[in-house]
Amino acid sequence: MTPSKEELERLSEAQLLELVDRDYVPNHVAIIMDGNGRWARKRNLRRIFGHRQGADAVRNAVKACRELDIRYLTLYAFSVENWSRPKEEISALMKLLEGFLRKEKKEMIAEGIRLNAIGRLEDLPTSTQEEVAQTKEATKDGDELLLTMALSYGGRTEILEAVRRMMDAGVEPKEVNEENFHRYLYTDGIPDPDLLIRTSGEMRISNFLIWQVAYSEIYITPTLWPDFARRDLYEAVIEFQSRERRFGGLGKD
Ligand code: IPE
Ligand code: IPE
Ligand code: MG
């Protein structure tokens, strides 16, 4: 029997780790990192301080995935809709991302982490595009964890771009099926997420991986992203392991 959420919260990080079934960790975890602004507002700080703290949470989430030997981690860092935010917030977010990649590159290489990026990368400032490209190149031999950052990402945009590319390639209507459609998505070669986490309690997908999460287990926590620690990821995985995935079938009984 899986302990209740309250019981899990009373356990230490080491005790939580012991509860994780190492033979059944999700292969791919995707996270909607939400709540940075609210975290800052609660402290009477400007939103950017929440984003700054959020970058530390990213570091922790990556470490927790390495600890559990999770092979794919996809983080929703900036949506196509986020371009509607104030200019200052957008440029601060881009600078934060660049600084994050610059600082973490060495450790990523040491840890076998390979960076990947999905979305309308061409919309990002040139300096951000360059930092992303350099980090991808520097980490390309990493084979422990594929860390995908969704940047200027929109699920509907991704699907429309896939359709356009498919038509450009001259694919016949009768050849269109789920498998070859997947090849035209940004996530070609990446298995669908097993576990989708959203922080800050919002009960929505916000245009994230809408094709790929068709059968993902969803875990929503009220914790704001800057407060999301390694133990929170372990709790999500323990909860995931207690779920029965049926994929439309009848399940075990
Ligand atoms: C998530 O935090 C970060 C991004 C979307 C870039 P928010 O900035 O959305 O924080 P809230 O939702 O306003 O608290
Ligand atoms: C989703 O968060 C996008 C990212 C985490 C990058 P938002 O804060 O943009 O989503 P909504 O507006 O609450 O749906
Ligand atoms: Mg938000």
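Atoms within each ligand, like the ligands themselves, are counted from 1 in listed order. Excluded from the calculations below are hydrogen atoms, water molecules and symmetry mates; all remaining heavy atoms, backbone and side chain alike, are included.
The Phe78 neighbourhood of ligand 2 comprises atoms 6 (C), with distances under 4.0 Å to a heavy atom of that residue. Short contacts between ligand 2 and Arg198, defined as distances under 4.0 Å to a heavy atom of the residue, involve ligand atoms 2 (O), 10 (O), 11 (P), 13 (O), 14 (O). Below 4.0 Å from some heavy atom of Ala77 lie the following atoms of ligand 1, by number and element: 6 (C). Counting atoms of ligand 1 from 1 in the listed order, those under 4.0 Å from a heavy atom of Arg47 are 7 (P), 8 (O), 10 (O), 13 (O). Residue His51 has at least one heavy-atom neighbour below 4.0 Å for each of these atoms of ligand 1: 3 (C), 8 (O).
Within the structure, ligand 1 lacks Arg41 among the residues with a heavy atom less than 4.0 angstrom away. The closest approach between Arg85 and ligand 2 falls below 4.0 Å for a heavy atom of the residue. Residue contacts with ligand 1 leave out Gly54, since none of its heavy atoms falls under 4.0 Å from the ligand.
Donor-acceptor pairing under 3.5 Å is lacking for the side chains of Tyr234 and Glu67. For the residue pair Ser200 and Arg38, a side-chain donor N or O sits within less than 3.5 Å of a side-chain acceptor on the partner. Looking at Glu175 and Asn180, their side chains never bring a donor and an acceptor atom within 3.5 Å of each other.
Among the atoms of Ser206, some N or O lies under 3.5 angstrom from an N or O of ligand 2. Residue Trp39 has no nitrogen or oxygen atom sitting less than 3.5 Å from a nitrogen or oxygen atom of ligand 1, judged on distance alone. Not a single N or O atom of Leu93, backbone or side chain, sits closer than 3.5 Å to an N or O atom of ligand 1.
Summary of contacts: the protein heavy atom closest to atom 2 (O) of ligand 1 is Asn36 N, 3.2 Å. Scanning all protein heavy atoms for the shortest distance to atom 8 (O) of ligand 2 gives Asp34 OD1, 3.2 Å. Closest to atom 10 (O) of ligand 1, if we only count protein heavy atoms, is Gly37 N, 2.9 Å. Counting protein heavy atoms only, atom 12 (O) of ligand 2 is closest to Arg204 NH2, 4.5 Å. When only non-hydrogen protein atoms are considered, atom 5 (C) of ligand 2 lies nearest to Met33 O, 3.3 Å. The protein non-hydrogen atom at the shortest distance from atom 9 (O) of ligand 2 is Asn82 ND2, 3.0 Å.
Annotation: cation-pi pair Arg243/Phe240 absent, no NZ/CZ under 6.0 Å from the ring centroid and within 45° of its normal.
The nearest N, O or S atom of Asp34 is closer to the Mg ion (ligand 3) than 2.8 Å.
From Gln53, atom CD reaches atom CD1 of Ile48 across 11.5 Å, with rounding to the nearest 0.5 Å.
Summarising the geometry of Ala55 relative to Phe100, their closest heavy-atom pair is O-CE1, 3.7 Å, with the distance given to 0.1 Å.
Between Lys63 and Glu111 the shortest side-chain heavy-atom distance does not fall below 4.5 Å.
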